Visitor: 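Submitted below is the structure of interest, expressed as structure tokens.
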Amino acid sequence: QVQLVESGGGLVQPGGSLRLSCAASGFTFSSYAMSWVRQAPGRGHEWVSDINSGGGNTYYADSVKGRFTISRDNAKNTLYLEMNSLKPEDTAVYYCVQDYGSHGGSWGQGTQVTVSS
């Protein structure tokens, strides 16, 4: 079965950086596009970023473009999200999603990111 385990979340001050990881198993990781999606308190899910199966094509929401970088290591079955210049509005639970473009895909449990001074 598809299993996605996010890690790396925590408390960080505004302007700080954080790197999230997603360990994938139960499927051929290198064959699937992957995404990061977040949910802030009181808000719905917000798509953050996509990366294609090979890692050569990336896409970002306007709210994070220039600050976040999505990447993957197919040899390690791991997806990453490097977050820089963090803002309080980035506070959310961040989810790793397999094949988000296919009827929502499969989701991990999420990792909490809190940006606060």
Side-chain angles (χ1 to χ4, degrees):
Q1 304 298 320
V2 172
Q3 186 172 12
L4 302 167
V5 181
E6 299 93 339
S7 62
L11 176 64
V12 64
Q13 293 187 338
S17 298
L18 207 59
R19 184 179 67 180
L20 306 183
S21 297
C22 170
S25 61
F27 66 103
T28 304
F29 180 71
S30 61
S31 295
Y32 288 85
M34 299 293 294
S35 299
W36 288 98
V37 179
R38 67 187 182 185
Q39 184 171 31
R43 299 187 62 84
H45 295 120
E46 178 188 17
W47 170 79
V48 175
S49 185
D50 285 341
I51 188 167
N52 74 322
S53 60
N57 296 318
T58 59
Y59 306 89
Y60 300 91
D62 288 342
S63 58
V64 307
K65 191 171 297 182
R67 300 187 298 120
F68 290 11
T69 302
I70 189 171
S71 62
R72 65 194 297 162
D73 187 339
N74 284 343
K76 296 181 178 179
N77 287 355
T78 303
L79 177 73
Y80 303 97
L81 185 67
E82 185 74 34
M83 305 184 294
N84 300 310
S85 301
L86 283 162
K87 305 174 180 179
E89 51 262 47
D90 294 318
T91 295
V93 177
Y94 284 72
Y95 298 93
C96 172
V97 185
Q98 178 217 34
D99 209 10
Y100 184 58
S102 298
H103 299 90
S106 297
W107 297 54
Q109 291 296 310
T111 186
Q112 176 71 50
V113 172
T114 302
V115 184
S116 176
S117 60

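Only a predicted model underlies this, so the values are computations on that prediction, with no experimental measurement involved. Computation of the quantities below employed the complete heavy-atom set of this structure, encompassing side-chain atoms and omitting hydrogens, waters and symmetry-equivalent molecules.
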Visitor: Under 4.0 Å between a side-chain nitrogen and a carboxylate oxygen: does that hold for Asp90 and Lys87?
Guide: no
Visitor: Quick one: do Leu11 and Leu18 end up in the same hydrophobic cluster if we chain Ile, Leu, Val, Met, Phe, Trp and Tyr together by side-chain heavy atoms under 4.5 Å apart?
Guide: no
Visitor: Identify the two heavy atoms, one from Ser31 and one from Ser53, that lie closest to each other, and give their separation to 0.1 Å.
Guide: C-CB, 3.7 Å
Visitor: Say you draw a straight line from NZ of Lys76 to CZ of Phe29; how long is it, rounded to the nearest 0.5 Å?
Guide: 12.0 Å
Visitor: Give the minimum heavy-atom separation between Pro14 and Ser117, together with the two atoms involved.
Guide: CD-N, 3.6 Å
Visitor: Does one side chain, of Ser63 or Glu46, offer a donor that lies under 3.5 Å from an acceptor on the other?
Guide: yes
Visitor: Give a yes or no answer on whether the side chain of Thr91 reaches the backbone of Val115 with a donor-acceptor pair at less than 3.5 Å.
Guide: yes
Visitor: side-chain contact (heavy atoms from CB on, under 4.5 Å) for Tyr60 and Ile51? Distances and angles first, verdict last.
Guide: CA-CA 9 Å; Tyr60 300 91; Ile51 188 167; over 6 Å; no
Visitor: Are Val93 and Val64 co-members of a hydrophobic cluster defined by side-chain heavy atoms under 4.5 Å apart?
Guide: no
Visitor: Tell me the closest heavy-atom pair linking Gln109 and Glu6, and the distance in Å.
Guide: N-OE1, 3.1 Å
Visitor: Atom CD in Gln3, atom CD in Gln98: separation rounded to 0.5 Å?
Guide: 12.5 Å
Visitor: Tell me if a side-chain donor or acceptor on Arg72 pairs with a main-chain N or O of Asn52 at a distance below 3.5 Å.
Guide: yes
Visitor: Shortest non-hydrogen contact from Cys96 to Leu79?
Guide: SG-CD2, 3.7 Å
Visitor: What distance do Ser17 atom OG and Phe68 atom CZ have between them, rounded to the nearest 0.5 Å?
Guide: 9.5 Å
Visitor: Mind checking whether Leu4 and Met34 have side chains closer than 4.5 Å, heavy atoms only?
Guide: yes
Visitor: OG1/Thr114 to CG/Leu86 distance, rounded to the nearest 0.5 angstrom?
Guide: 11.0 Å
Visitor: Is Val113 reachable from Val37 through a run of I, L, V, M, F, W or Y residues, each pair having side-chain heavy atoms under 4.5 Å apart?
Guide: no
Visitor: Would you confirm whether Thr78, through its side chain, and Ala23, through its main-chain N or O, come within 3.5 Å as a donor-acceptor pair?
Guide: no
Visitor: Is Trp47 reachable from Trp107 through a run of I, L, V, M, F, W or Y residues, each pair having side-chain heavy atoms under 4.5 Å apart?
Guide: yes
Visitor: Say you draw a straight line from CZ of Arg19 to CD of Glu82; how long is it, rounded to the nearest 0.5 Å?
Guide: 6.5 Å
Visitor: When you group the ILVMFWY residues by side-chain heavy-atom contacts below 4.5 Å and let the links chain together, are Tyr100 and Leu20 in the same group?
Guide: no
Visitor: Side chain to side chain contact (heavy atoms under 4.5 Å, CB included) with Cys22: which of Trp36, Tyr80, Tyr95?
Guide: Trp36
